[in-house]
2 protein chains.
Amino acid sequence: MSISIAIVEDLEAVRNGLKDFISLSTDFLVVGVFKTGEEALAELPHITPDIVIMDINLPGMNGIECIRRVKDKSPGTQFMMFTVYENDEKVFEALKAGASGYLLKNTGLLEIVESVKELHEGGSPMSANIARKIVNLVRDTGKETAFMDVLSPREKEILKLLAKGLLYKEISHQLQITTGTVRIHIHKIYEKLHVQNRTEAINKAFGK
Amino acid sequence: MSISIAIVEDLEAVRNGLKDFISLSTDFLVVGVFKTGEEALAELPHITPDIVIMDINLPGMNGIECIRRVKDKSPGTQFMMFTVYENDEKVFEALKAGASGYLLKNTGLLEIVESVKELHEGGSPMSANIARKIVNLVRDTGKETAFMDVLSPREKEILKLLAKGLLYKEISHQLQITTGTVRIHIHKIYEKLHVQNRTEAINKAFGK
DNA sequence: GAGGGAGTATTACGAAAGTTATATTGGATC
DNA sequence: GATCCAATATAACTTTCGTAATACTCCCTC
């Protein structure tokens, strides 16, 4: 049983190159080729291929938005990004949208084919520096932002308790100081972070 | 210039196998071999190898804790996990601690060597299903938790505004309803989530 | 040893948040 | 047609939060 593939790519040369090369292998069957996200969105839910190779920079709807919408209708289909973008935001967005693999356009045809196989077997093939970006993303999740640096150790301690949803009096009890002092600390925290309330402070200190 | 490698692994057979095979290549120089995290922690900061291949399950200090501590002292050293663990928590912890690559112990020696090279060149080599786990981790960051399901659409809408730090009156203005109504909605949200205030609700609805 | 910052504290006030009770409307269910 | 629930609203009330001004101590630096 061969792996069914669709390709969404606006550049004719790239599109045909991919299609022709992939078609050489009996492991694959190219079941759809689209120039725009709109076309792909209209057809993919009916074709339900195993894998979609998706460009990001398309005329009209971009590839990420296209994944988001197709994923809704055909949750079984897996997406391989194929793009020149290697900035953090695009990578992050693509994964959030539901992409499981991410290859840069300088990837060789042979490696692309290997990666599609790996994707189909439940892996998440990515170009080397994309993988590193993703690892760094995970490493930094929930990490304190640079804004925390302007706070004193005591202020950081209090902000962390504040972030847990504790009342002033609970904080004061835990730290063995008066609620008045807690109030002062928190007021200074707000000043330093340029915010007006607890929630804004938490968002600012711990990246949204 | 060859890549300097250290190995931390308690099982003698694995340890020696790695060391001997890696030493075969002139690209690498094994500069340290340790049986425990404690030994590694004592020596690694002085050796400062390019790469450390690190087991997780060690007697005494585990490999993740070991990375955390060594990373503090030698930020330039990169770590490759080499372990049987493939559960989400261990993978997540390892990356948080500062590991940049993650191989399972069923990986072939040749692939290990290739992965170490890739790591050294700034990539993040991982076994296929580990990569998928990490991608899924990123996909799910900041996602609403199951608690959100008990809320009505309107309540979800209000909770999202609440999470941005808006005042009741700002929310009421934005939704064109009275602050009294906002108050009621929020009160019901708290009831349904079994919490007493805004911050607790946010933490519960959007996984910490 | 004078100055500055961090941490502590007190008092006072106004704004915002959260609780409780009651009520109307409209849509869905039975 | 009756019942239930979501969404809306009003009113009265308590608690918590946030702002402001002032002050003392300790520690570090110049």
Side-chain angles (χ1 to χ4, degrees), chain A residues 72-73 75 142-208, chain B residues 72-73 75 142-208:
Chain A
D72 258 0
K73 303 187 181 177
K143 216 170 115 186
E144 300 164 6
T145 70
F147 294 111
M148 277 295 249
D149 295 346
V150 305
L151 304 183
S152 72
R154 191 59 154 178
E155 286 164 353
K156 287 183 195 174
E157 187 179 14
I158 288 177
L159 182 50
K160 284 175 192 166
L161 297 175
L162 208 55
K164 288 165 71 175
L166 300 192
L167 303 179
Y168 285 11
K169 66 177 170 192
E170 291 172 325
I171 295 173
S172 71
H173 181 254
Q174 194 159 328
L175 300 181
Q176 293 295 309
I177 55 180
T178 67
T179 67
T181 302
V182 171
R183 218 187 293 281
I184 300 299
H185 280 302
I186 291 172
H187 186 58
K188 284 185 184 165
I189 292 170
Y190 293 170
E191 261 181 12
K192 289 184 179 179
L193 299 183
H194 306 294
V195 297
Q196 271 71 50
N197 61 54
R198 178 192 294 233
T199 304
E200 286 179 356
I202 296 169
N203 287 341
K204 197 144 191 177
F206 311 97
K208 293 214 162 165
Chain B
D72 258 0
K73 302 187 182 178
K143 218 169 112 186
E144 299 164 8
T145 70
F147 294 112
M148 277 294 248
D149 295 347
V150 306
L151 303 183
S152 73
R154 191 60 154 178
E155 285 164 354
K156 286 183 197 174
E157 188 179 13
I158 288 177
L159 182 50
K160 283 174 192 167
L161 296 176
L162 208 55
K164 289 164 70 176
L166 300 192
L167 303 179
Y168 284 11
K169 65 177 168 189
E170 290 172 325
I171 295 173
S172 71
H173 182 256
Q174 193 158 329
L175 299 182
Q176 292 296 309
I177 55 180
T178 67
T179 66
T181 304
V182 172
R183 218 186 294 281
I184 300 300
H185 280 302
I186 291 172
H187 187 59
K188 284 186 183 164
I189 292 170
Y190 294 171
E191 260 180 15
K192 289 184 179 179
L193 299 183
H194 306 294
V195 297
Q196 270 71 48
N197 61 55
R198 178 192 293 232
T199 305
E200 286 179 357
I202 295 170
N203 287 341
K204 195 144 192 177
F206 312 97
K208 292 228 158 149

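All chains are named by letter (A, B, ...) in the order of the sequence lines, taking the proteins before the strands, and each is independently numbered beginning at 1. Keep in mind that what you see is a predicted model, and the values were worked out from it rather than measured.
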Is the CZ atom of Phe147(A) crowded by more than 12 outside heavy atoms at less than 6.0 Å? no
For Leu162(A), is there any backbone N or O sitting under 3.5 Å from a side-chain donor or acceptor partner on Arg198(A)? yes
Look only at the side chain of Thr145(B) and the backbone of Lys204(B), and say whether a donor-acceptor pair between them is shorter than 3.5 Å. yes
What distance do Asn203(B) atom CG and Leu193(B) atom CG have between them, rounded to the nearest 0.5 Å? 11.0 Å
Quick test of your reading of the model: are Glu157(A) and Arg154(A) salt-bridged, counting only N-O distances below 4.0 Å? yes
Between Glu144(B) and Lys156(B) (salt bridge meaning N to carboxylate O under 4.0 Å), is one present in this structure? no
How would you summarise protein contacts on nucleotides 5-18 of chain C per nucleotide, using B for base, S for sugar-phosphate only and - for none, with heavy-atom distances below 4.0 Å? -SSBBB-----SBB
Give the first and the last nucleotide of DNA chain D, reading 5' to 3', that has any atom under 4.0 Å from a heavy atom of chain A. dT16(D) to dA21(D)
Dot-bracket for DNA chain D, 5' to 3', Watson-Crick and G-U pairs with both distances under 3.5 Å, [ ] for crossing pairs, | for partner on another strand, reads ||||||||||||||||||||||||||||||
Would you check if Ile186(A) and Ile158(A) make a side-chain contact, meaning some heavy-atom pair closer than 4.5 Å? yes
Is there side-chain contact between Lys160(B) and Met148(B), with heavy atoms separated by less than 4.5 Å? yes
Got Tyr190(A) and Glu200(A) here, is their nearest side-chain heavy-atom distance under 4.5 Å? no
Quick check for you: to the nearest 0.5 Å, what is the distance between Leu161(B) atom CG and Gln174(B) atom CD? 5.0 Å
